[in-house]
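Note sheet for the following structure.
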Amino acid sequence: MNERNCIFADISMTMSSPTNPDEFYKKLKGQLYDTVSWPAEYLFKFIVKSDLEKIARLETIFDNLGAVINTTESKNGKYTSVSINLLMKDPDAVIEKYKEVAEKIEDVISL
């Protein structure tokens with residue numbers, strides 16, 4: 001897949017405790033609608049502590065959806081970056097996945 005076909009939200013925040021989640025999701029939704037026509041490939045990026053259980057829970061959220069999941073451990077091994085590429089039907093579906101991740105995984109950072 002080439003970069004033109006993949007959307008990546010250039011917004012970074014800790015999803016487990018955003019200051020104003022409603023405002024964040026509203027802004028994200030607007031940016032996603034302005035970016036491309038839907039459905040589209042979307043690249044989710046998360047950072048979690050290198051805890052196999054947390055990584056497995058994150059992968060489970062995207063299981064059986066046709067997602068391509070890649071993990072990269074930090075140089076010191078303390079954190080793991082998880083990239084998930086998935087065909088999404090619209091910005092609402094993207095936001096629902098972010099909310100699900102924030103609800104089920106503590107201290108996740110979404111990029």
Side-chain angles (χ1 to χ4, degrees):
M1 169 181 1
N2 65 40
E3 295 260 343
R4 292 178 319 187
N5 295 333
C6 184
I7 306 304
F8 176 69
D10 191 20
I11 297 175
S12 172
M13 70 178 285
T14 304
M15 298 296 285
S16 61
S17 58
T19 341
N20 188 341
D22 292 334
E23 274 303 308
F24 169 78
Y25 291 124
K26 183 178 177 183
K27 181 178 178 182
L28 176 59
K29 184 176 179 176
Q31 288 176 338
L32 292 175
Y33 269 118
D34 291 345
T35 306
V36 298
S37 58
W38 294 88
E41 291 281 334
Y42 186 82
L43 178 61
F44 293 90
K45 287 193 140 199
F46 303 99
I47 297 175
V48 294
K49 287 194 176 186
S50 292
D51 173 336
L52 294 178
E53 184 180 323
K54 279 188 179 186
I55 295 167
R57 278 189 284 155
L58 183 56
E59 291 176 346
T60 299
I61 291 170
F62 293 89
D63 238 1
N64 300 316
L65 299 174
V68 176
I69 302 173
N70 294 302
T71 59
T72 305
E73 198 171 83
S74 65
K75 186 176 179 179
N76 65 7
K78 189 173 180 179
Y79 295 97
T80 299
S81 167
V82 182
S83 299
I84 301 168
N85 200 346
L86 178 62
L87 180 64
M88 301 301 290
K89 68 177 184 171
D90 58 33
D92 291 321
V94 171
I95 290 167
E96 285 306 310
K97 281 296 177 192
Y98 276 123
K99 287 180 177 180
E100 184 177 357
V101 168
E103 178 182 304
K104 293 183 178 179
I105 301 172
E106 188 176 315
D107 299 325
V108 64
I109 298 171
S110 299
L111 304 174

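All figures in this text were calculated on a predicted structure; none of them were measured in a lab.
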(message) Just verifying a value: how many Å separate Lys45 NZ and Asn70 CG, rounded to the nearest 0.5 Å?
(response) 9.5 Å
(request) Quick one: pull up OG1 in Thr60 and CD1 in Ile55 and give me the separation to the nearest 0.5 Å. (result) 11.5 Å
(request) Find out if a path of hydrophobic residues (ILVMFWY) with successive side-chain heavy-atom gaps under 4.5 Å connects Val68 to Ile84. (result) no
(message) Please verify the inter-ring angle class for Phe46 with Phe62; under 30° counts as parallel, over 60° as perpendicular, anything in between as tilted.
(response) tilted
(request) Side-chain contact test, heavy atoms from C-beta onward, threshold under 4.5 Å: evaluate it for Glu59 versus Thr71 and give yes or no. (result) yes
(request) Report the distance from atom CG of Asp51 to atom CD of Glu106, rounding to the nearest 0.5 Å. (result) 10.5 Å
(request) Indicate if Ile69 and Leu87 have the same hydrophobic cluster label, given that clusters are the connected sets of ILVMFWY residues with side-chain heavy-atom separations under 4.5 angstrom. (result) no
(request) Sorted by first residue and then second, give each salt bridge (charged side-chain N to carboxylate O under 4.0 Å, His left out) pair with at least one member in residues 64-86; sequence neighbours left out. (result) none
(request) For residues Val48 and Ile105, report the shortest heavy-atom separation together with the two atoms involved. (result) CG1-CG2, 4.4 Å
(request) Side-chain contact test, heavy atoms from C-beta onward, threshold under 4.5 Å: evaluate it for Lys54 versus Asp107 and give yes or no. (result) yes
I'd like a table of donor-acceptor pairs (distance under 3.5 Å, sequence neighbours excluded) in which one partner is a side-chain atom from residues 89-96, with atom names and distances.
from: Asp90; atom 1: OD1; to: Asp92; atom 2: N; distance (Å): 3.1
from: Asp90; atom 1: OD1; to: Ala93; atom 2: N; distance (Å): 2.9
from: Asp92; atom 1: OD1; to: Lys29; atom 2: NZ; distance (Å): 2.9

(request) Return the minimal non-hydrogen interatomic distance between Met88 and Trp38, and the atom names on each side. (result) O-CE3, 3.5 Å
(request) Would you check, one step at a time, whether the test side chain to side chain contact (heavy atoms under 4.5 Å, CB included) holds for Phe44 with Val82? (result) CA-CA 8 Å; Phe44 293 90; Val82 182; over 6 Å; no
(request) Considering non-hydrogen atoms only, spot the tightest contact between Ala40 and Val36 and give its length. (result) CB-CG2, 3.8 Å
(message) Using every non-hydrogen atom in the two residues, find where Thr80 and Ser50 come nearest and quote the distance to one decimal.
(response) OG1-OG, 2.7 Å
(request) Indicate the atoms forming the closest heavy-atom contact of Ser83 with Leu43, along with that distance. (result) CB-CD1, 4.1 Å
(request) Report the C-alpha separation of Leu28 and Tyr98 in whole Å, then their side-chain angles, then the decisive distance to 0.1 Å, and conclude whether the side chain to side chain contact (heavy atoms under 4.5 Å, CB included) test is met. (result) CA-CA 11 Å; Leu28 176 59; Tyr98 276 123; 3.9 Å; yes
(request) Assess Lys99 against Tyr25: is NZ or CZ under 6.0 Å from the centre of the six-membered ring, and within 45 degrees of the ring's axis? (result) yes
(message) For Leu32 versus Tyr42, what's the shortest heavy-atom pair and its separation?
(response) CD2-CE1, 3.6 Å
